[in-house]
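Each remark here refers to the structure printed beneath this line.
Just so you know, these numbers come straight off a predicted model, no measurement behind them.
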Amino acid sequence: MSLFEEERRRLLALLAANSVERRRVVLASGRESDFYIDCKRTVLTAEGHWLVGRLLFALLKQVAPQVLGVGGMTMGADPLASSLSLISHLAQQPLHAFYVRKEPKGHGMNRWIEGLHGIAEGAHLAIVEDVVTTGGSTLRAIERVVEGGYTVDAILAVVDREEGGKEALQAQGYGLNALFLKSDFQQ
């Protein structure tokens, strides 16, 4: 078994133990579900942060090695972008982390995006997400990044809930690369 697969299995075990709840909840999409996964419970631990950064970095190098920055909609993408950026630095292939705000900053420069200082307009970026359900927040992040003059080359997620998000992104010309599917947690 490869190191990637060993680390992927370990992250899956951590997510299953710490982040999955089976109870009725209302998701950000407005849909109800009896499967809830709060990736932050795992990703904000030292081991989870390390593993998700390593796995997303390896995945990104496979699907879009030209990317110069990683980020997405705050708050779910924040620890992912941070861990991925740190791992990229350790690998001597540095990537900037950035965060897309839900609302523009109400003072100063009124920015929608933080962290792209020093990255030239037109640069290739990747969007990261903790969980993709319908793809709505991912599409909002893409919209802000493209409006800022950048190119989105990849979308990476920790979990694809398999509830139409991948298809919604494909309809807009984007592919989704997820470490895990919802079905991985039902085994």
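Tested against T138 for a side chain to side chain donor-acceptor pair (under 3.5 Å), the candidates E129, E143, Q172, K166 yield a single pass: E129. Between S33 and the options K182, R24, R161, R23, a side chain to side chain donor-acceptor pair (under 3.5 Å) holds for only R161.
The CD1 atom of I37 sits 3.5 Å away from the CZ atom of F185 when rounded to the nearest 0.5 Å. Taken to the nearest 0.5 Å, the CG atom of L15 stands 4.5 Å off from the OG1 atom of T42. Here the straight-line distance linking atom OG of S83 with atom CG of L55 works out to 9.5 Å at 0.5 Å rounding. The distance from the CG atom of N177 to the CD1 atom of I155 is 8.5 Å, given to the nearest 0.5 Å. Taking CZ of F180 as the reference point, atom CG of L11 lies at 4.5 Å (rounded to 0.5 Å).
No side-chain heavy atom of R22 sits less than 4.5 Å from a side-chain heavy atom of D34. Under the 4.5 Å side-chain criterion, counting only non-hydrogen atoms from C-beta, V145 is in contact with F98. Residues R8 and S2 are not in side-chain contact: their nearest non-hydrogen atoms beyond the backbone lie 4.5 Å or more apart. Using a 4.5 Å heavy-atom cutoff, the side chains of L116 and L125 are in contact.
Enclosure of atom CD in E121 is not indicated, since only 12 or fewer non-hydrogen atoms of other residues, nucleotides or ligands lie within 6.0 angstrom. Residue R9 qualifies as open at atom CZ: its count of foreign heavy atoms under 6.0 Å is 12 or below.
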Handout entry: Intermediate values then yes/no, salt bridge (Lys or Arg N to Asp or Glu O under 4.0 Å), E147 and R144
Key = CA-CA 5 Å; E147 284 174 355; R144 295 290 173 226; 2.8 Å; yes

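A chain of hydrophobic side-chain contacts below 4.5 Å, direct or via other Ile, Leu, Val, Met, Phe, Trp or Tyr residues, connects W50 to F4. A continuous path of Ile, Leu, Val, Met, Phe, Trp and Tyr side chains, each step under 4.5 Å between heavy atoms, connects L90 with V43, placing both in one hydrophobic cluster. Taken together through direct or relayed side-chain contacts under 4.5 Å among Ile, Leu, Val, Met, Phe, Trp and Tyr, Y99 and V131 form parts of separate hydrophobic clusters. Linking ILVMFWY side-chain heavy atoms closer than 4.5 Å, directly or via other members, places L68 and L60 in two distinct hydrophobic clusters. By the criterion of side-chain heavy atoms lying less than 4.5 angstrom apart, applied directly or through intervening Ile, Leu, Val, Met, Phe, Trp or Tyr residues, V52 is not grouped with M75; the two fall into different hydrophobic clusters.
In this structure, E7 does not pair ionically with R10, as no charged nitrogen and carboxylate oxygen lie closer than 4.0 Å.
A donor-acceptor pair under 3.5 Å is formed between the side chain of E162 and the backbone N or O of S183.
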